[in-house]
Peer 1: 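I have a structure here, written as structure tokens, and I will follow up with some questions on it.
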Amino acid sequence: MNVAHRPVSFDLDDRPLAGRGLSSSSSAASDAVVSSFHILLLPGFSQLCLASMIEPLRLANSLSGKSLFRWQLASLDGHSVASASGMSLEVTGNVFAEEAATTACTRNAVLVCAGEGVEQHSTSELRSFLRRIRRAAVPIYALGTATWLLADAKLLDGARCTIHWRKMAALYETFYGLAIDDALFVRDGSIVTCAGELAAFDLAMELVAQHCDIELVRRICQHLAADRWRDGASAQSLLPGLRFGSAGKKLSRILQLMERNIEEPLSLQAIAQEVSLSRRQIERLFERHLSTTPRQHYLILKLRRARQLIEMTEMSVTAIAIACGFDSASYFSKSFKDHFGILPSVLRAR
């Protein structure tokens, strides 16, 4: 499958990146650019995620004096939806009842915003709706854990995607054939998946950049006291202070290699060859920026993934040990207790 992911990054003091195809005037924006969102809110959604997506679009309208973007909120039953914080939002209607209006315009998109407990919302009715929307060539945006719903509807087979890091291990072990990236957001054709939370802001800024001129992007960032917005391909796992600069990019590449090779861990020599650095250079990067060694960090990555699988799947402890690259269940249990202070079997029982 051809990947149409086109990450964009921008600094207030920088010119737009070369080759992005961003117009100097909003009138030249492509007709294919999405400008109207039918937002499906699922119980437990993150208000931070929703606001991070919508506020930059609202500001684009306000600062430009034009109705560049539109959106309306919907739910599964037409009633208000409670967020993870307990506060509820009113919606305009039932997403299924509004399907005809959703497919009527080529610039419409469906945006699904989900949070914890996303699995319980994956009903046959919702899966069928998502498949129909997909067949109608309506772009689909999945924020936070909503990627899970697309995977369950068989819309991501063979596609690149991302999801919030806490759900990444469970997604990988539950669905096969997915190319999961440790990224802020990923565009694969007409499907866009986003890690959610503040990563939604970065996705929104890319939309503004595609639809409008760079000066409007600068004004929005200035209004929100944001000095920059991040490339969609930036790793979720990378410490914020390391996202920019050559050292951060090198370390990001190494961390992504480790994340993608948990079940069969790479040797330090193999990693060094892959990133064109010496073993000693890699050791210095970890010592300076993470205060640890590559071996210790790899072990922590494996243990963190194991904990996610214990908490979010029904896999047995032995199966989790194998999936996380441990040679024996006993060594896994000992390492897990040394790091988290609890045996994996006890955590599972809880």
Side-chain angles (χ1 to χ4, degrees), residues 5-10 29 33-64 67-75 81-85 87-92 95 102 107-116 118 121 130 133 138-150 161-165 167 183-188 190-212 216-217 219-221 223-226 228-234 236:
H5 173 50
R6 191 171 57 84
V8 182
S9 62
F10 168 75
V33 175
V34 169
S35 61
S36 180
F37 291 92
H38 295 259
I39 302 173
L40 170 58
L41 297 180
L42 295 175
F45 75 92
S46 165
Q47 285 188 308
L48 174 61
C49 177
L50 180 64
S52 295
M53 183 72 189
I54 295 304
E55 279 301 298
L57 304 185
R58 180 190 68 80
L59 281 170
N61 291 346
S62 176
L63 296 175
S64 69
S67 296
L68 301 172
F69 298 97
R70 294 173 298 158
W71 55 90
Q72 60 183 32
L73 305 181
S75 66
V81 186
S83 67
S85 63
M87 291 184 280
S88 296
L89 284 185
E90 295 295 330
V91 299
T92 59
V95 70
T102 303
R107 302 187 72 157
N108 279 346
V110 168
L111 188 153
V112 186
C113 188
E116 294 295 334
V118 65
H121 303 303
L130 292 173
I133 290 296
V138 174
I140 301 175
Y141 288 67
L143 301 190
T145 62
T147 302
W148 189 281
L149 301 172
L150 303 191
C161 63
T162 191
I163 195 170
H164 189 273
W165 64 267
K167 202 71 173 175
L184 299 179
F185 59 88
V186 173
R187 183 186 302 276
D188 194 321
S190 62
I191 291 182
V192 179
T193 53
C194 175
E197 307 305 345
L198 292 177
F201 166 78
D202 303 297
L203 174 57
M205 296 308 295
E206 182 184 81
L207 283 170
V208 175
Q210 290 175 339
H211 197 285
C212 316
L216 181 58
V217 175
R219 291 171 65 193
I220 293 172
C221 285
H223 188 94
L224 295 175
R228 66 181 79 208
W229 52 296
R230 300 169 294 178
D231 187 320
S234 295
Q236 295 180 54

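All values below come from the heavy atoms of this structure, side chains included, with hydrogens, waters and symmetry mates left out.
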Peer 1: Scan the side chains in residues 191-201 for donor-acceptor partners under 3.5 Å anywhere in the protein, sequence neighbours excluded, and list what turns up.
Peer 2:
from, atom 1, to, atom 2, distance (Å)
T193, OG1, T162, N, 2.9
E197, OE1, S46, OG, 2.8
E197, OE2, S46, OG, 3.4

Peer 1: Are E90 and L73 close enough, and set up right, to give a side-chain contact (heavy atoms from CB on, under 4.5 Å), and what steps lead you there?
Peer 2: CA-CA 8 Å; E90 295 295 330; L73 305 181; over 6 Å; no

Peer 1: Roughly how far apart are I140 CD1 and L40 CG, rounded to 0.5 Å?
Peer 2: 11.0 Å

Peer 1: Can you run down the salt bridge (charged side-chain N to carboxylate O under 4.0 Å, His left out) pairs that involve residues 40-54, sequence neighbours left out, and say none if there aren't any?
Peer 2: none

Peer 1: SG/C212 to CG/L68 distance, rounded to the nearest 0.5 angstrom?
Peer 2: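 C212 atom SG to L68 atom CG measures 4.5 Å (nearest 0.5 Å).
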
Peer 1: If every non-hydrogen atom of C49 is compared with every non-hydrogen atom of C113, which pair is closest and at what distance?
Peer 2: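 Of all heavy-atom pairs spanning C49 and C113, the closest is SG-SG, 4.1 Å.
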
Peer 1: Would you please test V118 and K167 for side-chain contact (heavy atoms from CB on, under 4.5 Å) and show each step?
Peer 2: CA-CA 10 Å; V118 65; K167 202 71 173 175; 4.1 Å; yes

Peer 1: Under the criterion side chain to side chain contact (heavy atoms under 4.5 Å, CB included), which of I163, L203, L50 is the partner of L143?
Peer 2: L203

Peer 1: With sequence neighbours excluded, what pairs up with T92 under the side chain to side chain contact (heavy atoms under 4.5 Å, CB included) test?
Peer 2: Q72, E98

Peer 1: So how far is it from E206 CD to L184 CG, rounded to the nearest 0.5 Å?
Peer 2: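 Taking CD in E206 and CG in L184, the distance rounds to 11.0 Å.
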
Peer 1: Can S36 and N108 be said to form a side-chain contact (heavy atoms from CB on, under 4.5 Å), step by step?
Peer 2: CA-CA 5 Å; S36 180; N108 279 346; 3.1 Å; yes

Peer 1: If you take all heavy atoms of G115 and T145, which pair is closest and at what distance?
Peer 2: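 Shortest heavy-atom separation between G115 and T145 comes out as O-OG1, 2.6 Å.
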
Peer 1: Return the set of residues passing side chain to side chain donor-acceptor pair (under 3.5 Å) with S190 (not counting sequence neighbours), or none when no residue passes.
Peer 2: R134

Peer 1: Could you measure the distance from the CG atom of L63 to the CZ atom of R219? Nearest 0.5 Å is fine.
Peer 2: 5.0 Å

Peer 1: Give me the one residue out of V110, L57, T102, I54 that meets side chain to side chain contact (heavy atoms under 4.5 Å, CB included) with F37.
Peer 2: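 It is L57, the one option of V110, L57, T102, I54 that forms the side chain to side chain contact (heavy atoms under 4.5 Å, CB included) with F37.
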
Peer 1: For S75, which residues count as a side chain to side chain contact (heavy atoms under 4.5 Å, CB included) partner, sequence neighbours excluded?
Peer 2: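 Counting only residues at least two positions away or on another chain, S75 forms a side chain to side chain contact (heavy atoms under 4.5 Å, CB included) with D77, V81, V91.
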
Peer 1: Residues in salt bridge (Lys or Arg N to Asp or Glu O under 4.0 Å) with R58, at least two apart?
Peer 2: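 Salt bridge (Lys or Arg N to Asp or Glu O under 4.0 Å) check on R58 returns E55.
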
Peer 1: When you measure from the side chain of N61 to the backbone of S67, do you find a donor-acceptor pair of N or O atoms at a distance under 3.5 Å?
Peer 2: no

Peer 1: Quick check: closest heavy atoms across M53 and A204, and the distance to 0.1 Å?
Peer 2: O-CB, 3.4 Å

Peer 1: Please step through side-chain contact (heavy atoms from CB on, under 4.5 Å) for the pair L111 and W71, ending with a clear verdict.
Peer 2: CA-CA 10 Å; L111 188 153; W71 55 90; over 6 Å; no

Peer 1: Which atom pair, heavy atoms only, marks the closest approach of L207 to Y141?
Peer 2: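 Heavy atoms of L207 and Y141 come nearest at CD2-OH, 3.5 Å.
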
Peer 1: What is the minimum heavy-atom distance between A142 and L150, and which atoms define it?
Peer 2: CB-CD1, 3.7 Å

Peer 1: Once you round to the nearest 0.5 Å, how far does CG of L216 lie from NE2 of H223?
Peer 2: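 The NE2 atom of H223 is 12.0 Å from CG of L216, to the nearest 0.5 Å.
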
